[in-house]
K.L.:
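One structure follows; several queries about it will come next.
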Amino acid sequence: MRRVVANWPEYGGLVLDKSAKNRPAYESYQNVDEIPFNPDKAVFPIGLLRAVAQARLERTIRRLDESVNIKTHFYPLSAITHCATCVRRAKEQNDPRLRSALGGSDTYGKLRYRHKAGVKCGCHNRSVMCDILDADFARLIKLLTVRPEALDLMTGLAIQMDKLNGEPKNEKDLEQEKEEAIALCRRRIEAAVILLAMA
Ligand SMILES: [Zn+2]
């Protein structure tokens, strides 16, 4: 929704250098009456677009400093580990939306990974201490080895993942991106080879 709303210049026929999600509203026109919309290319009424621009301008918040909350913690496995019961239900009902990722929670200094709130999947354990899960994960990582014959497939998957995570680019950027991706993969392969040799 935020991205759609932030797209008001494009809906008014304007072409800007940054994509909507990278444009904070406070960097926009400070006087909405001066926005040079292009009525020929607009897909919404100009009056509505000005109203949207004005509303965003009034609601935008400019961060005053870049300070860090020292009480926050890293939860490296949050959002990438999922509740097993939820995953099983998702498979049974063929509905990937049922998968729920664990989040981090800090209760009086006790750090836990916690089940998504409000989702009742039938599991009894709603949380696990971070130390335990982190240690389990580290143990798994240490057991991992890369089979040389799997390296090509993994490289291919890594390229695909990079593509999925990137934003759509124009033709020229794409070529450059491909070259960068290939260079990155070469470095990964070299690193993997060194790791293998050490193992
Ligand atoms: Zn669950």
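What you see is a predicted model; the values in this text were computed from it and never measured. We count residues from 1, following the sequence as given. Atoms within each ligand, like the ligands themselves, are counted from 1 in listed order.
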K.L.:
How long is the gap from CG on Leu77 to NE2 on His82, to the nearest 0.5 Å?
P.N.:
12.0 Å
K.L.:
Which one of Cys121, Cys83, Cys123 satisfies the side chain to side chain contact (heavy atoms under 4.5 Å, CB included) criterion with Ser100?
P.N.:
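Looking at Cys121, Cys83, Cys123, the match for Ser100 under the side chain to side chain contact (heavy atoms under 4.5 Å, CB included) is Cys83.
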K.L.:
Is any side-chain N of the basic residue among Lys178 and Glu175 closer than 4.0 Å to the acidic one's carboxylate O?
P.N.:
yes
K.L.:
Counting no waters, what protein N/O/S atoms lie under 2.8 Å from the Zn ion (ligand 1)?
P.N.:
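As for protein N, O or S atoms lying under 2.8 Å from the Zn ion (ligand 1), they are Cys83 SG, Cys86 SG, His115 NE2, Cys121 SG.
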K.L.:
Would you please name every residue forming a salt bridge (charged side-chain N to carboxylate O under 4.0 Å, His left out) with Arg126, sequence neighbours left out?
P.N.:
none
K.L.:
Under 4.5 Å between side-chain heavy atoms, chaining through other members, with only Ile, Leu, Val, Met, Phe, Trp and Tyr counted: pull out the rest of the cluster around Leu143, sorted by chain and number.
P.N.:
none
K.L.:
Under 3.5 Å, which donor-acceptor pairs link side chains of residues 185-199 to any protein atom two or more places apart or in another chain?
P.N.:
none

